[in-house]
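Along the sequence shown, residues are numbered consecutively beginning with 1. All values below come from the heavy atoms of this structure, side chains included, with hydrogens, waters and symmetry mates left out.
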Amino acid sequence: ATSRLLVNYQEPYRSQILDYLFKPNFGASLHILKVEIGGDAQSTDGTEPSHMHYENDENYFRGYEWWLMKEAKKRNPKIKLIGLPWAFPGWIGKGENWPYDYPDITAYYIVSWILGAKQYHDLDIDYIGIWNERAFSSKYIKLLRYTLDKHGLEQVRIIASDRLWEPISFVMLIDSELHGVVDVIGAHYPGTKTVQNAILTGKKLWSSEDYSTFNNDVGAGCWARILNQNYVNGNMTATIAWNLVASYYEQLPFGRCGLMTAQEPWSGHYKVESPIWITAHTTQFTQPGWSYLQVDGHLEGGGSFVALTDGLGNLTIIIETMSHNHSKCIRPPLPNFSVLPQRATFYLRGSFRIFFTSGIWVFCHLVVNFCSLSFLQFQVWRGRFSLDLNVDEVYTLTTLKTGRKCDYPEPPPPQPFPSSYKDDFNIRNPPFSEAPNFADQTGVFEYFVNASDPGDHVFTLRQVVVQRPITWVSDADQTISVIGNFKWVNLTVTCDIYIEKPHDGGVFIAGRVDNGGIYVRRTKGVFFWVFADGTYRVTGDLAGEEILMKGLSGVRDNAWHTLTLNIQGNSASGLLNGYPLWENVTISKPKNGWAALGTRSFEFAQFDNFHVEA
């Protein structure tokens, strides 16, 4: 859910961000885009909607991944697309929190997503994963391959298991059928190392999730080091960064762990961080299909180099000299090492000695927050050349003439989220299924056309997940979507609400909400609940265990009511339909946080005319 806010940017800024990410020979010029197959459940920084909320439901226009893949393909038709589920809708497990009891259903669900990508968006998915960082099932993987082939998707390759090198590598060595259907072994955060069993499979080895580090210059150093050393130390021929772009509220888990930052659609501000230019050192001067030369890429004074060729006479060499303290990734721990200034001499053999007489020297110096991508000519003499290498630098030597460091005019300056914000959800043909700036943390909130309503509430926001999904982490038992400025202290939240579930249904509005993402279960704040049985509660937590006030409200299901929550200093009060319902509730903590809305359980409910003043 890390691209959530990107879709809300106005033009031209949204297209500029996409150009920095995907446009060839412009910025990061990415070769691979890996997206979540939404599963209606929390996947780190929010939930992404499934294409099949329910068994008899199919919709290939929910969420923003379809749009993102099309924008990437529009800029680079050769980009490789990967889909991977983090979670699954609850119906797939028939009540169990497990996707492999009915592997034919799970395979059908995943293949439908691939077919829908083609049918509705003309997107060809190149690779498909199993279940992000969770157990794999050999039976399911084999059935997935069979189902893909049965639907004419022989070209779609399977990656397994997006966790660790083991046990998938060992199982592939003893199960020839499994070995035959897995095309790539993908490991997460391998620390540039692989294991012998993975090498023995003879399969492509990828770091299928890596980086995940704050995108300052140390994060850029981490990215530079692993991009090279994943191959030098671990034979990995692809490295995929989590995440693409930090387009989610920064106070959610792993804030700003993207290649660049675009978390203010309301202002248009974004920042091209140095990991973008580190990426360019590899991506602008190689392409998928190029081959790594099998050389020892360790430099004597520390650091590393890789050499790649297109097999047509072109050669690219990427050198990094990242020091230990300038290249720590978030995980795994990095053992100590030292890097010294050094002179490195490279010897060219075979056809390269004949063809490689001069080239372009692309240079990036990180240690002083400077990444200029300088372009310099250099000469090769009698099949060899030498370079003086300083510490914390990246160099690309190439025969290509295509690399560029492009930029746009400075985007607008940063601004906080608007202190006065309204959304009446009155949009007949929304470009996306979710309302701008709302970040769902459990459940899914979508635009809804309330055809049976005669008047003011035809267009609403509806919570649509009615069965607990097969979760990836511990989703809350309630649904919740957050919005606004995490620094808000004093605020008034008003929203029209409509409980659809009789008897025990319920909804809330909230302020000072202090948590989300993988920590959503422990969320605190000030929560104003009303229930279908005519009662209300005020609680200090999403779980509803810290009760601050309760009583009768007269609210009933299948009727519209207006809730208002006012928080000022250490005191909160609540109105129902414009009249005071409770007041003078003492609030000690949290001191600040987002606004939010949500439901008591996985149930249908509607919201309209949301308004916050802070």
Side-chain angles (χ1 to χ4, degrees), residues 24-25 28-31 192 207 220-221 223-239 275-323 327 339-366 371-405:
N25 301 313
S29 305
L30 293 165
H31 295 163
T192 79
S207 177
W223 185 227
R225 179 175 55 78
I226 63 178
L227 273 176
N228 264 19
Q229 294 191 23
N230 276 347
Y231 179 75
V232 172
N233 298 332
N235 255 34
M236 289 164 260
T237 56
T239 297
I276 288 289
W277 304 117
I278 291 299
T279 310
H281 267 274
T282 294
T283 52
Q284 287 202 22
F285 307 102
T286 61
Q287 285 299 321
W290 282 46
S291 298
Y292 281 92
L293 300 183
Q294 295 182 7
V295 295
D296 181 355
H298 298 96
L299 294 168
E300 283 185 16
S304 67
F305 74 94
V306 291
L308 299 99
T309 180
D310 62 355
L312 303 172
N314 281 308
L315 176 65
T316 290
I317 300 168
I318 303 133
I319 305 163
E320 60 80 24
T321 58
M322 292 298 121
S323 62
S327 66
V339 181
L340 303 169
Q342 59 194 300
R343 167 162 279 211
T345 301
F346 294 82
Y347 298 87
L348 302 173
R349 296 284 182 262
S351 58
F352 290 126
R353 179 175 176 135
I354 301 166
F355 292 117
F356 198 76
T357 56
S358 69
I360 303 291
W361 172 15
V362 187
F363 168 63
C364 184
H365 183 65
L366 271 174
C371 204
S372 71
L373 286 191
S374 319
F375 292 87
L376 304 163
Q377 289 284 136
F378 72 97
Q379 295 295 317
V380 179
W381 177 250
R382 291 185 175 176
R384 74 175 188 183
F385 59 91
S386 297
L387 284 180
D388 289 317
L389 306 176
N390 292 317
V391 179
D392 289 325
E393 294 185 342
V394 183
Y395 308 79
T396 298
L397 314 172
T398 182
T399 55
L400 298 177
K401 308 289 194 290
T402 49
R404 286 184 300 170
K405 186 183 183 193

Heavy-atom donor-acceptor pair, Asn25 side chain to Arg404 backbone, under 3.5 Å:
no

Here the gap from Ser291 atom OG to Leu308 atom CG, rounded to the nearest 0.5 Å, amounts to 8.0 Å

Of all residues at least two apart in sequence or in a different chain, which pass the ring pair (Phe, Tyr, Trp, His ring centres under 6.0 Å) check with Phe305?
Phe346

Is there a donor-acceptor contact under 3.5 Å from the side chain of His31 to the main chain of Thr286?
yes

Closest heavy-atom contact between Ala224 and Val394?
CB-CG2, 3.9 Å

Rounded at 0.5 Å granularity, tell me how far CG in Leu389 sits from OH in Tyr395.
5.0 Å

Indicate yes or no: at least one non-hydrogen side-chain atom of Val232 is less than 4.5 angstrom from one of Val306.
yes

Donor-acceptor under 3.5 Å (Glu320 side chain, Gly303 main chain):
no

When you measure from the side chain of Thr345 to the backbone N and O of Phe385, does any donor-acceptor pair fall under 3.5 Å?
no

Might you point out which heavy atoms bring Arg343 and Asp388 nearest each other, and give the distance in Å?
NE-OD1, 2.9 Å

Donor-acceptor contact present, side-chain Thr399 to main-chain Leu315, <3.5 Å:
yes

Could you report the tightest heavy-atom contact between Asn390 and Pro341, atom names first, then the distance?
OD1-CB, 4.4 Å

Test your reading of the model: is there a side-chain donor-acceptor pair from Thr396 to the backbone of His281, 3.5 Å cut-off?
yes

Ser207 and Thr239: side chain to side chain donor-acceptor pair (under 3.5 Å), yes or no, with the steps?
CA-CA 5 Å; Ser207 177; Thr239 297; 4.8 Å; no

OG1/Thr192 to CE/Met236 distance, rounded to the nearest 0.5 angstrom?
6.0 Å

Verify, without hydrogens or angle tests, whether Thr316 (side chain) and Thr398 (backbone) share a donor-acceptor contact under 3.5 angstrom.
no

Nearest-0.5 Å distance that lies between atom CG in Asn233 and atom NE2 in His298:
4.0 Å

Please check this pair: side chain of Gln342 against backbone of Ala344, looking for a donor-acceptor N/O pair closer than 3.5 Å.
no

Between Asn228 (side chain) and Ile318 (backbone), is there a donor-acceptor pair under 3.5 Å?
yes

Atom pair OG1 (Thr321) and CG (Leu340), whose distance is rounded to the nearest 0.5 Å
10.5 Å

Could you work out, with salt bridge (charged side-chain N to carboxylate O under 4.0 Å, His left out) as the rule, every residue matching Arg349, not counting sequence neighbours?
none

Gap separating the NZ atom of Lys401 from the CG atom of Asn314, nearest 0.5 angstrom
8.0 Å

Expected output: side-chain Ser327 to main-chain Arg225 donor-acceptor under 3.5 Å:
no

